[in-house]
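Here is the structure we will look at.
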Amino acid sequence: MLAGELYQADDPEIQADVLRAERLMERFNNAPVDDPSRREALAALLGELGEDAWIRPPLRVDYGTNITFGPRSFANFGAVMLDVAPIRIGADVQIGPNVQLLTPTHPVEPGPRRDKWEAAEPITIGDNVWLGGGVIVCPGVSIGENTVVGAGAVVSRDLPANVVAVGNPARVIREIDPDS
């Protein structure tokens, strides 16, 4: 699964990992706002939670353990991070509300899809990226450092560093001076 090869999600080992994630998501999403166990649940859920990083609940993941959430990064309400493959989020990243990071893929051919075969491709978000509200990042996409993705954009291909991208599919509309 993590290598991007076809797998079936009803495998007992995979289902045990899903159950673990669901329990930790429930603890995180339902903990009182001032309860220290909220951060503990988030740290236990994710593969890595950087220093001074935070995600506002509710959060939805497949496994959580395949997510690296960098230092000082922030995700607003309603993040969906389907981490069948690794999701790497750099330092100082800002993620707007209702953003979706989607690594799973399904066969185009109807037979394997009907037989419940799946695969996944990793997502990488560089340092100091800003994803506006409602952005969708598709499987296999990398977004370069300092890039800004406008609200509602669908990122289906890699984006370079130091640009602003908008639309569906997301397209670069201007460059950013990284030294400004």
Side-chain angles (χ1 to χ4, degrees), residues 2 17-18 20-104 120-155 158-166 170 175-180:
L2 292 174
D17 291 342
V18 168
R20 175 199 165 278
E22 288 176 352
R23 286 181 177 142
L24 287 167
M25 274 188 298
E26 182 177 49
R27 277 184 45 208
F28 170 69
N29 289 330
N30 296 324
V33 68
D34 57 350
D35 186 339
S37 72
R38 179 184 253 183
R39 182 160 182 92
E40 293 167 10
L42 182 60
L45 175 62
L46 302 183
E48 184 178 326
L49 178 62
E51 184 177 356
D52 296 323
W54 185 242
I55 300 173
R56 295 181 86 177
L59 168 65
R60 296 287 177 224
V61 302
D62 277 321
Y63 309 102
T65 54
N66 299 319
I67 299 170
T68 301
F69 200 77
R72 300 170 308 282
S73 290
F74 171 78
N76 216 321
F77 301 111
V80 174
M81 301 181 190
L82 301 186
D83 62 317
V84 176
I87 296 174
R88 294 177 191 89
I89 298 167
D92 303 300
V93 172
Q94 300 292 311
I95 298 176
N98 300 312
V99 167
Q100 300 177 50
L101 307 178
L102 310 174
T103 69
E121 298 176 32
I123 291 173
T124 301
I125 310 293
D127 294 343
N128 201 35
V129 166
W130 173 22
L131 302 177
V135 166
I136 298 172
V137 179
C138 294
V141 167
S142 291
I143 299 174
E145 67 182 0
N146 302 319
T147 287
V148 174
V149 181
V154 177
V155 186
D158 290 353
L159 293 175
N162 306 308
V163 298
V164 174
V166 299
E175 292 187 11
I176 298 171
D177 178 0
D179 298 320
S180 61

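Everything quoted here is computed from the prediction, not taken from an experiment.
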Could you give the distance from [atom1] ([X]) to [atom2] ([Y]), rounded to the nearest 0.5 Å?
X      : Y     : atom1 : atom2 : value
Arg56  : Ile95 : CZ    : CD1   : 14.0 Å
Ile87  : Asp62 : CD1   : CG    : 8.5 Å
Glu22  : Met25 : CD    : CE    : 5.5 Å
Leu101 : Asp83 : CG    : CG    : 10.0 Å
Asn30  : Arg38 : CG    : CZ    : 9.0 Å
Ile89  : Met81 : CD1   : CE    : 4.0 Å

How about [X] and [Y]: do any of their side-chain heavy atoms sit closer than 4.5 Å?
X      : Y      : value
Glu145 : Asn128 : no
Val61  : Leu45  : yes
Leu42  : Leu59  : yes
Val149 : Val135 : yes

Closest contact, heavy atoms only, [X] versus [Y]:
X      : Y      : result
Asn29  : Pro57  : OD1-CB, 3.4 Å
Cys138 : Val154 : SG-CG1, 4.0 Å
Pro139 : Pro104 : CG-O, 3.2 Å
Val129 : Gly126 : CG2-O, 3.2 Å
Val99  : Gly132 : CG2-O, 3.4 Å
Pro122 : Arg88  : CB-NH1, 4.2 Å

Donor-acceptor contact below 3.5 Å, side chain [X] vs main chain [Y]:
X      : Y      : value
Thr147 : Asn162 : yes
Asp158 : Ser142 : yes
Ser73  : Val93  : yes
Asp127 : Ala91  : yes

message: Quick one, Val18 with Tyr63, criterion side chain to side chain contact (heavy atoms under 4.5 Å, CB included). Give me CA distance, side-chain angles, the key distance, then yes/no.
response: CA-CA 6 Å; Val18 168; Tyr63 309 102; 3.4 Å; yes
task: I would like to know whether Asn66 and Val84 meet side chain to side chain contact (heavy atoms under 4.5 Å, CB included); could you show each step before the answer?
output: CA-CA 7 Å; Asn66 299 319; Val84 176; over 6 Å; no
Check against side chain to side chain contact (heavy atoms under 4.5 Å, CB included), Val137 and Ile143: CA-CA 9 Å; Val137 179; Ile143 299 174; 4.1 Å; yes
field: Step-by-step side chain to side chain contact (heavy atoms under 4.5 Å, CB included) determination, Phe69 to Glu48
entry: CA-CA 6 Å; Phe69 200 77; Glu48 184 178 326; over 6 Å; no
- prompt: Any chance CH2 of Trp54 has more than 12 other-residue heavy atoms, nucleotides or ligands included, within less than 6.0 Å?
  reply: yes
- request: Determine, for Arg72 against Asp92, whether the closest basic-nitrogen to carboxylate-oxygen distance falls under 4.0 angstrom.
  value: yes
